[in-house]
Amino acid sequence: DCDEFTKQFPDKCSAKIKIIMDSGREIIERIDYAKGDPNSPLSDEEVSEKFQELASFCGLSHSKVNGLLDAVWELPSGFTNLSSRLQHVF
């Protein structure tokens, strides 16, 4: 498997896991693209959840995190509005 994975790199960054249950049953799972890779992108909801977790870890309050997230999601429709939105967040 390692030689196969090496040959595929950098086009694919594969991973394989094998779990052997107490019963002897084997569960094998392989992925070629990790979640978040351009070939396996995060959904908008997953991006929001990840941002909320990381921003909260940095010490931002729940209201600031949500305000910043709202401002960022508005970027495609109103980039000029960003600075005024951020002033209310910080």
How far does [atom1] of [X] sit from [atom2] of [Y], to the nearest 0.5 angstrom?
X     : Y     : atom1 : atom2 : result
Ser43 : Lys35 : OG    : NZ    : 6.0 Å
Asn39 : Lys12 : CG    : NZ    : 9.0 Å
Arg25 : Met21 : CZ    : CE    : 6.0 Å

Can you see which heavy atom on [X] is nearest to which on [Y], and at what distance?
X     : Y     : value
Leu42 : Gly36 : CG-CA, 4.0 Å
Ser40 : Ala34 : CB-O, 3.7 Å
Tyr33 : Asp11 : CE2-O, 3.5 Å

Report yes if the side chains of [X] and [Y] come closer than 4.5 Å at any heavy-atom pair, otherwise no.
X     : Y     : value
Glu29 : Ile19 : no
Leu68 : Phe51 : yes
Glu26 : Lys18 : yes
Cys13 : Phe5  : no

Same apolar cluster: Ile28 and Ile17, side chain cutoff 4.5 Å: no

Same apolar cluster (I L V M F W Y, side chains within < 4.5 Å links), Trp73/Leu60: yes

Other residues, nucleotides, ligands: >12 heavy atoms within 6.0 Å of Lys7 NZ: no

Glu49 side-chain N/O to Glu46 backbone N/O, donor-acceptor pair under 3.5 Å: no

Test log, rule side chain to side chain contact (heavy atoms under 4.5 Å, CB included), inputs Arg30 and Ser14: CA-CA 7 Å; Arg30 174 190 167 140; Ser14 302; 3.5 Å; yes

